[in-house]
Every structure is written in structure tokens, then in C-alpha cells.
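In this chain, residues are counted from 1 in sequence order.
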Amino acid sequence: MTNTVPQDAPAIEFERVSCRFIAPDGTATVALRDFSMRVGKGEFVAIVGPTGCGKSTTLSLITGLLKPSTGEVRLMGKRVTGIDPRIGFVFQADAVFPWRSVLHNVAAGPLFRGAGRDQAYGLAEEWVRKVGLAKFSNHYPHQLSGGMRKRVALAQTFINNPQILLMDEPFSALDMQTRTLMQDELLQLWSQNAGSVVFVTHDLEEAIAMADRVFVLTARPATLKRVYEIDLPRPRVTSEIRYEKHFVELSREIWADLREEVHID
């Protein structure tokens, strides 16, 4: 018997997931409890919650690096059983090879996935141009600014055409001006890629400016408290949309919800 996946299956689905960690001394810590979430194909969602509530744990469960203690995580209708090549991941820290130039860093993904050298470097040159680094293709990471290194990271990820993109505080180390530019850069690349994005952030305004929906998690052990539809028009310019009346209203409403969790001891 074949296991048929429904055509309308979500890109990502958590069904009553709990995740517990056991410390070396035997102490158990519950990071997620009875957590359910669905992310549609091509949807951009942001996850916000108090520090240490388990936001990043959700990403590890999607990748298969962690397994749920109870419940089930599914990608495209199938249970997660290991690392899926359809997933791209952008970390807070730059995941670049310091001994490789920009071009060699970007080409590494296709080469690792079995592409021929000419094809890999042709794609890499295209993506280096797309992220505005054509003049820096032979530079090494230590010769680049933080924003430029983040552009390399985006090119490294998007060159593999991920169907699901996971982002864990990717811009938090950048100054405000660079961060805003990178947010717009990401939105532009995502609009061309049409993949699903799960974006973890501590910055509520960043979440609202970028996402279709914002998921608010409770204090640990985290569960889903509320989901907010961000009905702001696209395409968005994040530096401008923050001044719109509805953006301010959404910020106040979601912060009121989130503040209750931040203040819980």
C-alpha cells in the first residue's frame, strides 16, 4: 500500500508536539508542550516569544535534528524522519567558510549536492550578482562587513532553491540600518523563490514587517498562545511600513499579548 500525501498538505505541520530534554544529572526540562502549528506552502511566518521559551527548538524539530517526545512533525504531509534536502537554514552566526572566497562559499552547496563544477560555479556567479556582491566575489569573509557576510549566507541558501527556509535570528547582530536593508533583501529573494519561511526573532517589529502570520509562544514550557494575521499589503518596504497606522495597531496588540509572557517568572 502506498502512503498518498494530500495535494493540499501544509509545508510544515506540528501536531500536539512536546519536546523534553534530560540533563546529565537526570533533571527533565520541557521546552515545548502540546504545540500545534501549520505553515502553508509559500507562506512566511514569524515566531516570537520570551527568551528561552523554545522558539529555536521548533526549527530543530523541523530539520529532524531533534525528535519530539510526543506528537508528530510533518513536512509536505510526511513525518520528519531525518534531515530533508528541501530545507535551507540561515543562522544568527555566519555559516561561511573563512578560507573560501565569496564565490567558492556560494558554490559549495551545489558541489556538495552533486552538481558539476561548471554548473555550480555558473549558479554561484548568478547568485553573487543577485545579492549585490559581484565586485567582491574573490574577497574572503574577513574582508567583508557583517551585512555583506549575511548576503553571502543568503546566496548560499537560496542557490539550493529550498522549499522550506528556516531562519534563527539571522539579522540580530547587524546594526539597524543594515538590518533593515537585509530584511528587504530577504523579502525580495523570497518573493522570487516562493518557498515557505519560518523566521524566529526577538524583534516584534521585524516579525510584523516581514510575515504573513505571527505565532506568539507562551513562556516555557512553550505552547502556541495566539496566531496573528498580518494583513499588510505586499510587496513591503520594511523601513516604510513601520509608520503605517495598521502596523502600529498590530504592534500594540501583539505586544500586549507577548508582554504577559515576558513578565512571567
Notebook entry, point to check: Does R149 use its side chain to pair, donor to acceptor, with the backbone of L144 at less than 3.5 Å?
Noted result: yes
Check: Side chains of T201 and E206: donor-acceptor distance under 3.5 Å anywhere?
Finding: yes
Next item on the list: Determine, step by step, whether L75 and I12 satisfy the side chain to side chain contact (heavy atoms under 4.5 Å, CB included) criterion, reporting the C-alpha distance in whole Å, the side-chain angles of both residues, the deciding distance to 0.1 Å, and the verdict.
Entry: CA-CA 5 Å; L75 297 184; I12 303 166; 3.8 Å; yes
Next item on the list: Could you give me the CA-CA distance, side-chain angles and deciding distance for R259 and E261, then say whether salt bridge (Lys or Arg N to Asp or Glu O under 4.0 Å) is met?
Entry: CA-CA 5 Å; R259 182 173 52 194; E261 302 303 320; over 6 Å; no
Next item on the list: Could you tell me which residues satisfy side chain to side chain contact (heavy atoms under 4.5 Å, CB included) with V248, sequence neighbours excluded, listed by chain and number?
Entry: R252
Margin query: Strictly distance-based, threshold 3.5 Å: is any side-chain N or O of T180 a donor or acceptor partner for the main-chain N or O of S239?
Written below: no
Item checked: R33 side chain to R20 backbone, donor-acceptor under 3.5 Å -> no
Next item on the list: Over 60° means perpendicular and under 30° means parallel, so classify the ring planes of F158 and W127, tilted if in between.
Entry: parallel
Note to self: Do V152 and V131 make a side-chain contact, defined as non-hydrogen atoms from C-beta onward lying under 4.5 Å apart?
What the structure shows: no
Next item on the list: Test K225 against E260 for salt bridge (Lys or Arg N to Asp or Glu O under 4.0 Å), laying out the working first.
Entry: CA-CA 11 Å; K225 183 176 186 180; E260 297 176 357; 2.7 Å; yes
Check: If you measure from CH2 on W255 to CD1 on I208, what distance do you get to the nearest 0.5 Å?
Finding: 11.5 Å
Margin query: Main chain of H202, side chain of E169: is a donor-acceptor contact present, judged purely on distance under 3.5 Å?
Written below: yes
Margin query: Counting C-beta onward and ignoring hydrogens, is there a side-chain heavy-atom pair between V197 and L186 closer than 4.5 Å?
Written below: no
Check: Considering residues at least two apart in sequence or located in another chain, which fulfil the side-chain hydrogen bond (donor to acceptor under 3.5 Å, both in side chains) criterion with Q92?
Finding: S172
Next item on the list: Run through the side-chain heavy atoms of Ile, Leu, Val, Met, Phe, Trp and Tyr, join any pair under 4.5 Å, and report what else lands in Y243's cluster.
Entry: none
Margin query: Please check this pair: side chain of S196 against backbone of G42, looking for a donor-acceptor N/O pair closer than 3.5 Å.
Written below: yes
Check: Do V96 and Q156 touch side chain to side chain, with heavy atoms closer than 4.5 Å?
Finding: yes
Checklist line | Gap separating the CD atom of Q143 from the CZ atom of F136, nearest 0.5 angstrom | finding: 10.0 Å
Check: What is the distance from atom CG of L133 to atom CG of L103, rounded to the nearest 0.5 Å?
Finding: 11.0 Å
Item checked: L187 side chain reached by F44 side chain, heavy atoms, under 4.5 Å -> yes
Next item on the list: Could you name each residue pair satisfying side chain to side chain donor-acceptor pair (under 3.5 Å) that touches residues 56-67, not counting sequence neighbours?
Entry: S56-D168
Next item on the list: Sequence neighbours left out, what passes side chain to side chain contact (heavy atoms under 4.5 Å, CB included) with T157? Give chain and number order.
Entry: V90, P162, L165
Notebook entry, point to check: Going by heavy atoms in the side chains, are I47 and F199 under 4.5 Å from each other?
Noted result: no
Item checked: Contacts of type ring-ring contact (aromatic ring centres under 6.0 Å, His included), residue F21, not counting sequence neighbours -> none
Checklist line | SB check E43 K41 (cutoff 4.0 Å) | finding: no
Check: Taking atom types as modelled and ignoring hydrogens, do the side chains of D184 and T238 form a donor-acceptor contact shorter than 3.5 angstrom?
Finding: yes
Notebook entry, point to check: Just by modelled atom types, is the E185 backbone N or O under 3.5 Å from a matching donor or acceptor in the R151 side chain?
Noted result: no
Next item on the list: Give me the ring orientation class for Y140 and H142: parallel if the planes are under 30° apart, tilted from 30 to 60°, perpendicular past 60°.
Entry: parallel
Item checked: side chain to side chain contact (heavy atoms under 4.5 Å, CB included) between S36 and L224, intermediate numbers included -> CA-CA 7 Å; S36 295; L224 184 60; 5.8 Å; no
Next item on the list: Please assess R179 against D203 for the test side chain to side chain contact (heavy atoms under 4.5 Å, CB included), listing each intermediate value before the final yes or no.
Entry: CA-CA 11 Å; R179 185 171 186 161; D203 187 330; 3.4 Å; yes
Notebook entry, point to check: Do you reckon M167 sits in the same ILVMFWY cluster as F89, going by side-chain contacts under 4.5 Å, direct or chained?
Noted result: no
Item checked: Side-chain touch Q163/D84, heavy atoms, less than 4.5 angstrom -> no
Next item on the list: Kindly say whether L189 contributes a backbone atom to a donor-acceptor pair with the side chain of N193 at under 3.5 angstrom?
Entry: no
Next item on the list: Among M210, R234, R236, find the residue that satisfies the side-chain contact (heavy atoms from CB on, under 4.5 Å) test when tested with I241.
Entry: R236
Next item on the list: Starting from the C-alpha separation in whole Å, work towards a yes-or-no answer on side chain to side chain contact (heavy atoms under 4.5 Å, CB included) for V17 and L61.
Entry: CA-CA 10 Å; V17 168; L61 288 162; 4.0 Å; yes
Next item on the list: Please indicate whether D118 has more than 12 foreign heavy atoms, meaning atoms of other residues, nucleotides or ligands, lying under 6.0 Å from its CG.
Entry: no
Check: Would you say the side-chain atoms of D212 pair up with the backbone N or O of V45, donor to acceptor, closer than 3.5 Å?
Finding: no
Note to self: Is any side-chain heavy atom of L174 closer than 4.5 Å to one of M182?
What the structure shows: yes
Check: Is the closest side-chain heavy-atom distance between I62 and L166 below 4.5 Å?
Finding: yes
Checklist line | W190 (side chain) donor-acceptor with G195 (main chain) under 3.5 angstrom | finding: yes
